[in-house]
Amino acid sequence: MDVRWIRRYRLFWIGGCSVLSIQILIAYIFFTLDTNSDNPSQEYQLSGKGRLNVEAMDDHIGIESALNAGRRNNRIDVYAVGDDEEDDSIGNSNAVYHKIKVPPDKQDLINKGLKIDKVPKAVNSSANKSISYTDLRMEELDFTPLCAIPSREAISAIHRARTQNCKQQIANITCLISSGELYPKELPHSCPAPGFTKGKALGCYQDDKYSRLLSNFYSDKENNSPMNCINLCLQSGFPYAGVQYGRECFCGVTEPPSSSKLPDSSCNMKCSGLVKEPVEESWSRTLDFKHSNSKARIVFLLTLNGRAIRQVRRLIKTLYHTSHYFYIHVDARQDYLMRELLSLEMKFPNIRLSRRRHPTIWGGASLLTMLLESMTHLVESDWDWDFIINLSESDLPLKTNDQLVDFLTANKDRNFVKSHGREVQKFIQKQGLDKTFVECDTHMWRTGDRTLPQGIVIDGGSDWLGLSRPFVEYLATSTTDPLLLGLVTVFRHTLLPAESFFHTALRNSKFCRSYVDNNLHVTNWRRRLGCKCQYKHIVDWCGCSPNNFRAEDWPKLLATEDRPVFFARKFEPIIDQVIINQVDQWLFGMFPKDMAGLDSYWENVYHWDDLGRHQTDDGLISLANSLSRRAVRIASEQAGNCSLSDVKVLEVTTYHNKDAYKGSLILFESKVKNSEKTVKIETWVRPIDSFTILKHVPPASKLRNVFVSSDFDQKEQQSRNWLRVLGPFTELVGIFIMWPAETVYHVTVLWVDPRMSVVSKGQLIMDDSLIGFVKLNLKPPLLPGVWSLKLIWNSSVFAQSDFLVTPLEFFSGLPLTLRQAQFVHGGSSERFSNLDEEWSSVINAGKKIDRTVFERKAYSNAKRTGKDLAIIIDSFSQKFYEVVDNCIVSGIRSCGLMSLCQETAWSSVSPDPKSELRGINKTTGRIYRW
């Protein structure tokens with residue numbers, strides 16, 4: 001044998017053999033971890049069987065979803081939580097929750113890979129001189145933080161917050177957490193457990209890694225202990241916990257068989273815990289009125305937002321009964337809705353509006369505050385009620401009042417909530433319960449990680465509830481209860497707190513046996529559309545929101561007929577009113593023939609009382625005034641004996657018919673010249689499409705329409721800016737309505753401003769989607785005037801859509817001044833010359849265009865104010881909006897040939913009996929339907 005090649009490459013040969021030997025050794029160590037114990041008193045067995053010390057825990061596992069959650073979990077995730085100080089809490093500093101077997105000697109590598117940083121302790125304010133603030137930009141703050149802010153997330157939140165008060169609030173909360181002074185480490189679990197005591201050990205059992213006695217594996221951490229394992233399993237809703245090899249924690253739902261039991265001396269780990277009999281969670285129970293002296297009386301707690309006043313009235317009309325009550329909370333930013341509903345208190349003694357209002361942002365802690373305050377008021381009120389059911393303007397009943405009352409009467413001692421139905425630790429992480437959030441500036445700021453209190457079961461799901469009076473009284477009056485005090489503290493700084501607070505309070509209090517996993521609701525989830533992070537502007541988190549029911553979803557609602565489901569959500573008549581009419585007919589029978597306004601829906605978007613209040617849209621006011629002036633000119637031309645002057649816009653209303661947007665209605669007041677009299681006119685206007693196909697190339701055949709708007713709702717695939725009002729500070733979105741395409745086209749989208757300059761570029765993928773959108777990436781303010789959205793394919797423009805960025809005649813509700821105009825209409829300060837040079841030859845198709853003309857015109861318009869500004873706005877609006885019709889609400893009818901608005905089908909003051917609250921039928925106790 002020729003061994004010369006071995007001698008020549010002997011160094012490589014030796015190195016290769018060494019590497020191979022090391023790999024075999026590492027593999028051997030890894031695969032024997034399950035059978036090897038760090039404790040010398042435990043025996044190593046080739047069969048892979050270990051000894052498991054099992055204890056029972058205090059929890060009720062009657063919810064089927066909780067029973068099955070762990071069994072469905074087949075994937076492995078690695079998480080790191082906190083610093084590396086010793087702690088007995090569940091989510092302690094060294095905790096690494098995972099489903100992979102990781103060798104102990106590799107834990108440091110995992111920690112390094114996950115960048116686990118030590119969090120410095122907070123210090124007292126008296127020692128502020130020694131605190132280092134190098135990570136904070138102190139020049140932005142008008143206060144000195146009480147500690148060195150340890151969390152990068154908190155530092156980011158402080159700098160992003162708009163007001164100094166909010167910045168200081170975030171800093172104070174962060175310092176309290178860092179010093180361990182905010183959150184309780186442990187809370188009491190008061191759910192009754194007859195026959196069992198804390199610390200009951202079930203004994204030592206023989207385990208098998210191929211057929212685990214307790215099938216849910218949670219942790220493999222160096223500081224694991226029996227108590228830590230108990231707390232983790234308890235938090236996750238399991239009644240049994242077991243510690244093995246000192247590092248492994250197992251949880252389960254069934255007690256290990258006696259055949260696997262070993263002498264206690266075989267295990268040197270003594271475990272303690274609690275156990276509890278499962279609670280009956282089934283909703284079904286024989287309707288029995290023998291133990292009930294009276295039928296259940298309900299408080300409908302309506303938490304309202306938006307401007308859908310007609311749908312709110314329709315909801316109240318559907319639910320109304322003299323035996324029930326309505327307690328209404330209107331979002332603090334929705335003054336229009338509050339004004340419109342106040343009159344109901346005078347007409348109906350069982351309707352009240354809360355005067356203490358909160359800005360109930362999505363996911364905000366203020367929602368929980370509002371619910372608890374409302375419940376306290378209801379407990380203290382003179383109303384005699386048995387249940388609270390919270391609803392919004394997006395809910396509708398699916399069963400009659402009698403069916404709901406019969407069901408609740410037979411279940412007066414029950415509390416109806418909906419659990420998440422997934423493995424608890426995943427729920428905690430997905431829901432962000434292991435994070436701290438601070439609400440201020442109408443935003444939920446994420447400030448860092450936290451450890452949840454041990455000793456309690458964490459639960460949650462839906463924030464739509466049906467709660468009994470005894471439980472609500474417990475929540476409202478137990479001011480010294482340590483469980484409630486601790487939970488309020490925890491959930492005051494929790495994202496979506498109402499989705500977990502009531503569930504957790506129920507499962508850990510004496511009311512645990514009243515828990516029913518059914519919140520009486522069916523919800524229209526389409527997560528592909530509903531989970532689009534559409535709330536990132538108000539929360540530092542991604543969340544999901546249900547979709548609206550549409551006509552095609554009718555079979556889903558019919559399927560609830562034989563189920564204990566009494567409400568459905570979400571419904572929006574501005575999106576689909578046909579489905580609402582179907583539900584109404586299903587419950588109460590056919591509508592009268594030729595019922596006025598049945599297929600129409602009106603929703604207010606502006607009221608003159610909104611001026612100077614929340615969310616005043618200066619662009620809408622400016623455009624509405626311009627269109628009102630045009631309507632006045634048309635009316636004056638029609639009238640031979642009088643003319644009108646001066647306009648005051650009173651309201652703007654969106655008008656839909658048969659679920660199609662038909663235009664917007666502007667109600668305004670105008671003076672009659674040479675007279676002290678005034679006239680109220682409503683004009684019907686709508687935007688003019690300006691989409692044009694320039695070349696019939698393949699992508700062009702897939703386009704139905706292209707327009708620019710704002711407020712694009714990805715969940716509903718719809719722009720909510722129906723009138724397409726665009727101002728200098730509007731976030732523009734190009735919206736593309738398409739036919740399904742078998743071939744995928746990649747189209748370049750160019751944004752061209754009034755100076756004929758390309759200021760932004762985007763990409764549109766034309767596939768089988770019916771709707772696409774591209775956002776304008778440009779810092780405001782935008783230059784007012786006529787813009788273009790140009791579509792490029794194969795280096796040529798094949799389609800475009802022109803649109804108007806309306807100059808502002810008003811700023812913050814007041815006439816624009818010259819100084820304001822130079823800023824508001826001056827255009828963006830962002831540089832885009834490179835982009836313009838790259839694409840100018842494409843959009844001009846080789847033609848030479850004198851841009852100086854467009855630039856002079858644009859900057860000349862930017863300096864206009866007063867009447868000059870009104871003239872230029874009117875010239876723009878005439879190209880992009882049409883006046884469809886006018887009618888007169890009140891005043892001198894001789895001023896024009898207009899008809900009365902009350903006699904038209906389209907006017908906002910025309911009859912709409914489906915949304916009118918009329919008198920009460922004394923026999924039925926209900927409001928008259930028609």
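Numbering of residues begins at 1 and proceeds along the displayed sequence.
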dist Phe712:CZ -> Gln718:CD (nearest 0.5 Å) comes out at 8.0 Å
Sub-3.5 Å donor-acceptor pair from the side chain of Gln577 to the main-chain atoms of Ser600, do we have one?
-> yes
Note to self: Under the criterion side chain to side chain donor-acceptor pair (under 3.5 Å), I'd like the reasoning laid out for Asn305 against Glu393: C-alpha separation, chi angles, the key distance, then a yes or no.
What the structure shows: CA-CA 7 Å; Asn305 208 328; Glu393 70 282 353; over 6 Å; no
Is it true that, when you exclude Lys536 itself, more than 12 heavy atoms of the residues, nucleotides or ligands shown sit nearer than 6.0 Å to its NZ?
yes
Exercise for the section: Could you tell me whether Arg724 sits above the aromatic face of Phe707, with NZ or CZ closer than 6.0 angstrom to the six-membered ring centre and within 45 degrees of the axis? Expected result: yes
Between the CZ atom in Phe803 and the OG atom in Ser709, the distance rounded to the nearest 0.5 Å is 10.5 Å
Between Asp610 and His607, is there a donor-acceptor pair closer than 3.5 Å when you use the side chain of the first and the backbone of the second? yes
Within 6.0 angstrom of Ile737 CD1, more than 12 heavy atoms from elsewhere:
yes
So CH2 of Trp906 and NZ of Lys662: to nearest 0.5 Å the spacing works out to 14.5 Å
- Query: In terms of side-chain heavy atoms, does Ser908 have a donor or acceptor partner in Glu682 at a distance below 3.5 Å?
  - Reply: yes
**Q.** Test: Arg313 and Glu340 ion pair at under 4.0 Å
**A.** yes
- prompt: If we only count heavy atoms from C-beta on, is the Asp576 to Phe549 side-chain gap below 4.5 Å?
  reply: no
_We want to know whether Asp711 and Ser719 form a side-chain donor-acceptor pair, criterion being a heavy-atom distance below 3.5 angstrom._
no
d(Ile872 CD1, Thr806 OG1) to nearest 0.5 Å is 11.5 Å
Original post:
Is a donor on one side and an acceptor on the other found under 3.5 Å between the side chain of Asn581 and the backbone of Leu598?
Top reply: yes
> So, does Ser801 use its side chain to make a donor-acceptor pair with the main chain of Val706 at under 3.5 Å?
Replying inline: yes
Does the plane of the ring in Tyr745 sit parallel, tilted or perpendicular to the ring in Trp793? Use 30° and 60° as the thresholds.
perpendicular
Please indicate whether Lys671 has more than 12 foreign heavy atoms, meaning atoms of other residues, nucleotides or ligands, lying under 6.0 Å from its NZ. no
Tell me whether Arg314 is salt-bridged to Asp912, with the criterion being a basic N under 4.0 Å from an acidic carboxylate O. no
**Prompt:** So, are Glu716 and Arg550 salt-bridged, with charged N and O less than 4.0 Å apart?
**Reply:** yes
Of all heavy-atom pairs linking Asn721 and Ser710, the shortest is ND2-OG, 2.9 Å
dist Asp335:CG -> Arg307:CZ (nearest 0.5 Å) comes out at 9.0 Å
Worksheet item: Does the side chain of Ser392 come under 3.5 Å of the side chain of Asp395 through a donor N or O and an acceptor N or O?
Response: yes
The single option from Ser890, Cys887, Ser670 that satisfies side-chain contact (heavy atoms from CB on, under 4.5 Å) with Lys680 is Ser890
Criterion side chain to side chain donor-acceptor pair (under 3.5 Å) on Ser628 and Asn625, from CA distance to verdict: CA-CA 5 Å; Ser628 298; Asn625 272 273; 6.0 Å; no
**OP:** Count the heavy atoms of every other residue, nucleotide or ligand shown that sit under 6.0 Å from CG of Asp689, and state whether that count exceeds 12.
**Re:** yes
- Message: Do Lys648 and Trp608 form a cation-pi contact, if we require the NZ or CZ to be under 6.0 Å from the six-membered ring centre and within 45 degrees of the ring's axis?
- Response: yes
I'd like to check Pro807 versus Leu869 (side-chain heavy atoms, cut-off strictly below 4.5 Å). Are they in contact?
yes
CD (Gln902) and OG (Ser907) are apart, to the nearest 0.5 Å, by 7.0 Å
Exercise for the section: Can you establish whether the number of heavy atoms outside Lys775 located under 6.0 Å from its atom NZ is more than 12? Expected result: no
task: Flag the pair Trp751 / Leu789 as yes when at least one side-chain heavy-atom distance between them is below 4.5 Å, and no otherwise.
output: yes
Check whether Lys715 reaches the backbone of Pro546 with its side chain - one donor and one acceptor, N or O, closer than 3.5 Å. yes
Item to complete: Check the surroundings of atom CH2 in Trp739: do more than 12 heavy atoms from other residues, nucleotides or ligands lie under 6.0 Å from it?
Response: no
| Close side-chain approach of Asp617 and Ile621, heavy atoms under 4.5 Å | no
Problem - Phe810 and Leu611, any side-chain heavy atoms less than 4.5 Å apart - result: no
query = Hey, are the side chains of Arg929 and Lys317 touching, using non-hydrogen atoms and a 4.5 Å cut-off?
reply = yes
query = Do other residues, nucleotides or ligands put more than 12 heavy atoms under 6.0 Å from Lys556 NZ?
reply = yes
Check this for me: does any side-chain nitrogen of one of Lys914 and Asp584 sit under 4.0 Å from a carboxylate oxygen of the other? no
Fill in: Exam field: side chain His746 to backbone Gln763, donor-acceptor pair closer than 3.5 Å
no
Practice task
Check the pair Tyr535 / Ser545 against side chain to side chain donor-acceptor pair (under 3.5 Å), numbers first and verdict last.
Solution key: CA-CA 9 Å; Tyr535 302 108; Ser545 182; 3.3 Å; yes
Just say parallel, tilted or perpendicular for the rings of Trp684 and Tyr655, cut-offs at 30° and 60°.
-> perpendicular
* Heavy-atom check, side chain of Leu627 versus side chain of Phe668, under 4.5 Å -> no
Apply side chain to side chain donor-acceptor pair (under 3.5 Å) to the pair Thr360 and Asp331, showing each step before the final yes or no.
CA-CA 6 Å; Thr360 50; Asp331 185 278; 2.9 Å; yes
Which of Leu900, Leu667, Ile681 passes side-chain contact (heavy atoms from CB on, under 4.5 Å) with Val889? It is Leu667
Next on the checklist: Within the 4.5 Å heavy-atom criterion, are Ser394 and Phe571 side-chain neighbours or not?
Outcome noted: no
Is it the case that more than 12 heavy atoms not belonging to His696 sit under 6.0 Å from its NE2 atom?
no
